[in-house]
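Keep in mind the model is a prediction, meaning the values are calculated, not measured. When a ligand or atom number is given, it counts from 1 through the structure's own listing order.
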Amino acid sequence: MAKQRRVYVCRECGAQHVTWAGHCNECGAWAAIEMASSVAAVADTSDALAPLASFDLDAAVPTPTGVSEVDRVLGGGLVAGSVTVLGGEPGIGKSTLSLQIAASMASSGAAVMIVTGEEAPSQVAARASRVGPIPPTLSVLDDTSVETIEAAIIRERPQLAIIDSVQTLSVADYDAAPGSVVQVRAAANRLVTAAQRSGTSVILIGHVTKDGALAGPRLLEHVVDTVLAFSGDRHNELRFLRTVKHRFGPTSDVGVFEMSGLGLEPVDDPSSRFLADRRPGIPGSVVVATVDQQRPVLVEVQALVTPFGDRPPRFVGQGLSSSRLELVGAVLRQRAKVDLWGWEILASAAGGAEVKEPGGDLGIALAIASGLAETALGPDVVACGELGLAGEVRSVGQLERRLQEAFRLGFRRAVVPTSAPSGPTGLELIRVDSLNDALLVLGLSVDLPRPSAG
Ligand code: TYD
Ligand code: MG
């Protein structure tokens, strides 16, 4: 039996309050709280009480989308009745990716609905035809009214509904403009309910600005099941799909795509992509076995050293953490006694990649030393280890996976901390306990030249 209980609701954000107040502590609006119509707003909880063991465990089994990198990131695919936010900067490829997911699922017979509030259906069709043949079970709804979309989802019960984008939606109950906090939150709440009732998996596309400020993905994190962030580098065509939140599995893997004329193509092997343009035998270049959200990635770190006058060294990094670069510089000077006075050191992660975790320290130090010594490391050498302030080489997480990845991509020697686990057969481990030790065994500890002043 349902109890009749009064509930006060904020007109602006929809938050429920047990008592009336002049000010909504959810959204901050003044004089916006009203008594809800005398419906049974709060049900008697005993009605909903059910043994936990009675629930269908298969309900949370994901259905593959057929887009390999998406399935990898989602831990198998989309869960029925779940809501996923796909966030990213405008132009990064959210519509393209979601269209590919839609086309892939529809081509195996699933009913898929694309709700387009941003583009005309003819534009969506044009884009879809670029990516591949348009399956007959793929439909489009040109609407931004949440009530209409909700009704369509509940009536049609598609396997997947894609809403492009959440910022175009409006719920009739609220006066606020589409894209406002109130509308975005209210729309998402309604669609979460619709997804649960229909068993439809819903993907909500949301735009974010560079600083992630705009109403959208951030705001929705606690409302939805999964938040995916789609990002890329302006300078190349690689795109990265990462989980920010995932109710159904680990948020560890990264999906990598390349934007081509035929849409987004999965990149199964991102390390070899980063390393494709590498010219071996160049001093100042060292390949680092890094991890990006649990996924091992090999990145080439390059250092270029140029005379800078009679003054302290200057470090300029790109794709590297500046604090780690400074630490590496200090350890090179103070512990390995490498004289950096008078040099400007440019260090960068090649190919738009990033090395920001401590496991890159040793490789960055070796790249700088190799540049200064004008001695190239062998093309089959990879480095991995954190530098401590005492100059020691410390162990890092997931070293085994990093080494496996390096071996898979053709590396045969790895400079690693002494505590490293044994790597794959065929990969020679060069165990070093300090940076000094590493410079010695790699032949980089020759007397380094001091640049002439000027
Ligand atoms: P889009 O998916 O529209 O981005 P978003 O929805 O995140 O705003 O895609 C943006 C860019 O991708 C656009 O500039 C065109 C380009 N693009 C390709 O290069 N190849 C393609 O096959 C498609 C469909 C788009
Ligand atoms: Mg778009």
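- Nearest protein heavy-atom contact of atom 16 (C) of ligand 1 is M259 CE, 4.0 Å.
- Taking a distance limit of 4.0 Å, we find that atom 14 (O) of ligand 1 is approached by no protein heavy atom.
- Here the options are E118, Q167, E89, the test is side chain to side chain donor-acceptor pair (under 3.5 Å), and the partner is H207; only E118 passes.
- Using bins of under 30°, 30° to 60° and over 60° for the plane-to-plane angle, the ring pair F230/F257 lands in the perpendicular bin.
- Within the structure, the closest approach of G91 to ligand 1 falls below 4.0 Å when heavy atoms are considered.
- Close approach of ligand 1 to P90 is summarised as follows: ligand atoms under 4.0 Å from at least one heavy atom of the residue are 8 (O).
- Taking a cut-off of under 4.0 Å to the non-hydrogen atoms of R130, the atoms of ligand 1 that pass are 18 (C), 20 (N), 21 (C), 22 (O), 23 (C).
- Residue R127 holds the heavy atom nearest to atom 3 (O) of ligand 1 of all those in R127, E119, E265.
- Using modelled atom types, one side-chain atom of D71 and one backbone atom of T65 make a donor-acceptor pair closer than 3.5 Å.
- Looking at K94 against ligand 1, both its backbone and its side chain come within 4.0 Å, counting heavy atoms.
- Residue S260 has at least one heavy-atom neighbour below 4.0 Å for each of these atoms of ligand 1: 18 (C), 19 (O), 20 (N), 21 (C), 22 (O).
- Among E354, E386, E357, the single residue meeting the salt bridge (charged side-chain N to carboxylate O under 4.0 Å, His left out) criterion with R324 is E386.
- When the shell of 6.0 Å around CG of D175 is examined, it contains 12 or fewer heavy atoms from other residues, nucleotides or ligands.
- Heavy atoms of L262 found under 4.0 angstrom from ligand 1 belong exclusively to the backbone.
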Q | Step-by-step salt bridge (charged side-chain N to carboxylate O under 4.0 Å, His left out) determination, R190 to E150 | A | CA-CA 7 Å; R190 297 275 291 254; E150 189 178 55; 2.8 Å; yes
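- At the shortest separation from atom 25 (C) of ligand 1 among protein heavy atoms lies T96 OG1, 3.8 Å.
- Look at S95 and the Mg ion (ligand 2): an N/O/S atom of the residue is under 2.8 Å from the metal.
- Among protein heavy atoms, atom 22 (O) of ligand 1 sits closest to G263 N, 2.7 Å.
- Side-chain atoms of T84 do not come within 3.5 Å of backbone N or O of T226 as any donor-acceptor pair.
- For atom 10 (C) of ligand 1, the protein comes within 4.0 Å by at least one heavy atom.
- In this structure, CG in L366 is found 8.0 Å from CG in L387, a value given to the nearest 0.5 Å.
- Remark: R247 CZ is packed, more than 12 non-hydrogen atoms of other residues, nucleotides or ligands lying under 6.0 Å away.
- Scanning the protein for heavy atoms near atom 4 (O) of ligand 1, the closest one is G93 N, 3.1 Å.
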